[in-house]
Peer 1: 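Sharing a structure here in structure tokens format.
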Amino acid sequence: MSNTIASEYGHTDTSVPIEHRFNPYSDNGGTILGIAGEDFAVLAGDTRHTSGYSINSRFQPKIMDLGDDLVMSANGFSADGDALIRSFQQQLTWYHFNNQNKKLRPSSAARLIQHLLYGHRFFPYYVHTIIAGLDEEGKGAIYSFDPVGSYEREQCRAGGAAASLIMPFLDNQVNFKNQYDPATGQARLKTYLKLDEVLNLVRDAFTSATERHIEVGDCLQIKIITKEGVREEFYPLKRD
Amino acid sequence: MVAQPVQKVFPLTLKITNLPSSNSSRPWRIPVRIDCYLSHIKMAGLSFDNFQRNQYIASKGVAMPKATSTGTTIVGCKFNGGVVIAADTRATAGPIVADKNCEKLHKLSPKIWCAGAGTAADTEMVTQLIGSNLELHSLYTNREPRVIASLTLLKQHLFKYQGHIGAYLIVAGVDPTGAHLFSIHAHGSTDVGPYQTLGSGSLAAMSVMETQWKENMTKEECIKLCADAIEAGIWNDLGSGSNVDVCVMEVGKDAQLLRNYITPNIREQKAKSYKFKKGTTAILRESIYNLVDVEETEIPVPMEVDA
Amino acid sequence: MSDPSSINGGAAVAMVGKDCVAIACDLRLGNQSLGVANNFEKIFNYDHTFLALTGLASDVTTLSEVFRLKTNLYKMREERSIEPETFANLVSSTLYQKRFGPYFIGPLVAGINSLTGKPFVCGFDLIGCIDYAKDFVVSGTATDQLYGMCESLYEPGLGPDDLFETISQAFLSAVDRDALSGWGAVVYVITKDKVTKRLLKTRQD
């Protein structure tokens, strides 16, 4: 660790060349969260952009509307996230050219993103990616990816800095994990949540994460995908 | 920049005569660590029992657990006839907020207070230790403790520990010689000046100090300036947050601690209550203990009477 | 080898309610990813003061014995049980004594002051910095998850039964998202004159 070049004692001199290494990655904080409903999906994220103990921006929205009723966010190292989303958008443009503007399904988008990510298997995009949309049956769909393209369709997923704070809360409140019905003693049945219930959960998840994680705050961006299209809402978060 | 501690091995030449001599006539050269000799002497105070072991473990590339560090904003500023110190109230462990409303203003003596940044346990403990010694000194000399005395005790203690006690302090107070304001770094260096800032939010706070500060301020102006400087840290430094604590020390008056002087970060009402129905959690076994008072009474033994 | 405080795994949490406190811990003892025992309780009581110790299992056992000794000596000198607030300071100074060779633990203290009837919880870092909280404190390998759960589920002024449900749900969901915690859980709900210990049904993976 310490490159001692010369100490007070002449005979202990060691000539270690000083290595300067360029670290191509950094962490820009922030958190994202996606929940799928019966006929809708939401993708939410805070808008704080940080490096170290500094705030670079209080309003840098990171949930992107890709068209085709698809939204996407790649959280982590924001330069990589932006690059990934842009390369996806370009691929999507080519797809439209070649296929008479055919609408890209979330499942196909997910497979494409897998290849974009895995294409950088040994110099990965340093991001946790989530996309949201509606599947062929009109049901809400959330797909989440690790940095090298492993993905899964899920009911809900949190990603980024405060993912570990939010994810167990989602298990408990969306999938009712560990909850039993006091009357029957059986595990509480899984039911689809309504949109307003989901929005309440998202807001509480983010206000809680803001309280306990220093890189989360400033503003909450929520994109909501329904059969009517994509809608966006903003809520203020604490700024300390 | 904080200097990296360098582990030193002292070269020591020992002449060993009564060993079965090898064919060389050179005196033997054996590196001996001086502190081996000292290890038999029981020292008062902190125990270093596991220090070498942990250094070794750390050198193997093992991550050490992190202590709560107050990535902090603390400030101090003098005014006409007194001095004010202030601090934020966030304590962090890495990127997680460990305590949303901790106290970073410590009492050294009734009229000498100290704001602490750095390793939370160190600022707390060093402040308690020096506070005790200051009281003993004041009892012994039958005088009110002086700020310069507390500064000296603190810096000598911290210098002795070569920066390993991670306490970064702003010391302020009033004594028979007037109002004083100092700052101390963990290695033992000290600074004097009409205004001071320390901690991860010190640059945010100093930017306020450098633009707003003026000579001969009133008490109210000074409190406002300190609170504004802390707020700059709260909003712009991720290591600082929550509330502003202030302590005002005025010549000829008791010091007053204004705990949570400003609370600009109260959490809004949650969208939903998350109370659960009774019986939601599955229980395998339940046992109930009653806490009882045990009273012992002596029952006088009747004297044995001879028949 | 990795971080000493996450070799064995384990988590704990304590919460304040209305005239009551609750404290919970898991039962797992592991060696890295290998589960070794599912009956390793991390909560100890010194009369009406409760202590949860997470971290390196050998230090957990050692310290629980150290505090048993110290509280017994206290009881003999003072002819009364130690109060939670006093015990918190005892823990703090005991840990700071080993500032440069710390025990790899994260203690929590919970109890109700027998003189004032005031509920009390607090947490510590490994060198004894006290975190006085008026709502909840967490510790162990699932701290992030516990902070997220408690921050969203907790509300002030819960009675003993509601507090039990809240702390249990917060704890169970948190440890289920931590590979090193779980394998059973116990919850103590403490009121002025009664202590209820419940063993929870949990996932066993």
Peer 1: Any heavy-atom pair between the side chains of B/Leu291 and C/Val195 that's under 4.5 Å?
Peer 2: yes

Peer 1: In sequence, state the C-alpha distance, the side-chain angles, and the governing distance for B/Arg267 and C/Glu151, and then conclude on salt bridge (charged side-chain N to carboxylate O under 4.0 Å, His left out).
Peer 2: CA-CA 11 Å; B/Arg267 213 243 253 227; C/Glu151 197 63 64; 3.3 Å; yes

Peer 1: May I ask you to test the B/Lys275-C/Leu158 pair for a side-chain heavy-atom distance under 4.5 Å?
Peer 2: yes

Peer 1: Is it the side chain or the backbone of C/Tyr188 that comes within 4.5 Å of chain B heavy atoms, both, or neither?
Peer 2: neither

Peer 1: Please classify the contact between B/Lys270 and chain C as side chain, backbone, both or neither, with a heavy-atom cut-off of under 4.5 Å.
Peer 2: side chain

Peer 1: Is B/Thr119 close to C/Ile127 at the side-chain level, that is, under 4.5 Å between some pair of heavy atoms?
Peer 2: yes

Peer 1: Quick one: do C/Asp162 and B/Lys278 satisfy side-chain contact (heavy atoms from CB on, under 4.5 Å)? Show the steps, please.
Peer 2: CA-CA 7 Å; C/Asp162 287 330; B/Lys278 194 180 169 214; 5.7 Å; no

Peer 1: Counting only non-hydrogen atoms closer than 4.5 Å, does C/Lys134 touch chain B with its backbone (N, CA, C, O), its side chain (CB onward), both, or neither?
Peer 2: neither

Peer 1: Step through the shown structure and confirm whether more than 12 heavy atoms of other residues, nucleotides or ligands are within 6.0 Å of NZ on C/Lys192.
Peer 2: yes

Peer 1: Look at atom CZ of B/Arg259 and say whether more than 12 heavy atoms of other residues, nucleotides or ligands are closer to it than 6.0 Å.
Peer 2: yes

Peer 1: Of all heavy-atom pairs between B/Ile165 and C/Tyr96, which one has the smallest distance, and what is that distance?
Peer 2: CG2-OH, 4.3 Å

Peer 1: Can you establish whether the number of heavy atoms outside B/Gln256 located under 6.0 Å from its atom CD is more than 12?
Peer 2: yes

Peer 1: Report yes or no: do C/Gln169 and B/Thr280 form a side-chain donor-acceptor pair below 3.5 Å?
Peer 2: no

Peer 1: CG/C/Asn45 to OH/B/Tyr289 distance, rounded to the nearest 0.5 angstrom?
Peer 2: 8.5 Å

Peer 1: In terms of heavy-atom pairs under 4.5 Å, which option from C/Asp47, C/Leu200, C/Val137 contacts chain B the most?
Peer 2: C/Leu200

Peer 1: More than 12 heavy atoms of other residues, nucleotides or ligands under 6.0 Å from NZ of C/Lys118: is that the case?
Peer 2: no

Peer 1: Given the rule in the side-chain contact (heavy atoms from CB on, under 4.5 Å) test, do B/Glu124 and C/Ser92 qualify, once you have shown the distances and angles that lead to the verdict?
Peer 2: CA-CA 10 Å; B/Glu124 181 66 42; C/Ser92 178; over 6 Å; no

Peer 1: Might you confirm whether atom CD of C/Glu78 has over 12 heavy atoms from other residues, nucleotides or ligands at distances under 6.0 Å?
Peer 2: yes

Peer 1: Checking heavy atoms, do the side chain of C/Leu172, its backbone, both or neither come under 4.5 Å from chain B?
Peer 2: side chain

Peer 1: Which is it for C/Phe164 and B/Ile283 under the side-chain contact (heavy atoms from CB on, under 4.5 Å) test, yes or no, and what are the steps along the way?
Peer 2: CA-CA 11 Å; C/Phe164 167 73; B/Ile283 303 164; 3.8 Å; yes

Peer 1: Need one label for B/Lys272: side chain, backbone, both or neither, based on atoms under 4.5 Å from any heavy atom in chain C.
Peer 2: neither

Peer 1: Considering non-hydrogen atoms only, spot the tightest contact between B/Ala98 and C/Asp131 and give its length.
Peer 2: O-OD2, 2.8 Å

Peer 1: Sort C/Leu95 into side chain, backbone, both or neither according to what part of it lies under 4.5 angstrom from a heavy atom of chain B.
Peer 2: neither

Peer 1: Counting neighbours of CD on B/Glu135 that are heavy atoms of other residues, nucleotides or ligands and sit closer than 6.0 Å, is the number greater than 12?
Peer 2: no

Peer 1: Nearest 0.5 Å please: distance from the CD atom of B/Glu286 over to the OG1 atom of C/Thr196.
Peer 2: 6.0 Å

Peer 1: Step through the shown structure and confirm whether more than 12 heavy atoms of other residues, nucleotides or ligands are within 6.0 Å of CZ on B/Phe276.
Peer 2: yes

Peer 1: For the residue pair B/Ser273 and C/Glu155, confirm or rule out a side-chain donor-acceptor distance under 3.5 Å.
Peer 2: yes

Peer 1: So C/Thr143 and B/Ile96, side-chain contact (heavy atoms from CB on, under 4.5 Å) or not? Walk me through it.
Peer 2: CA-CA 9 Å; C/Thr143 38; B/Ile96 301 292; over 6 Å; no

Peer 1: Counting only heavy atoms not in B/His137 (residues, nucleotides, ligands), do more than 12 fall under 6.0 Å from its NE2?
Peer 2: no

Peer 1: Ignoring hydrogens, what is the shortest heavy-atom contact between B/Asn290 and C/Lys194? Give both atom names and the distance.
Peer 2: ND2-CG, 4.1 Å

Peer 1: Check the orientation of C/Phe100 and B/Tyr161. Use parallel for under 30°, tilted for 30 to 60°, and perpendicular for over 60°.
Peer 2: parallel

Peer 1: Can you name the nearest heavy-atom pair linking B/Tyr274 to C/Leu153, along with the distance?
Peer 2: CB-CD2, 3.6 Å

Peer 1: Does the pair C/Arg99 and B/Asp122 meet the rule for a salt bridge (charged side-chain N to carboxylate O under 4.0 Å, His left out), with working shown?
Peer 2: CA-CA 9 Å; C/Arg99 169 63 180 81; B/Asp122 287 336; 2.7 Å; yes

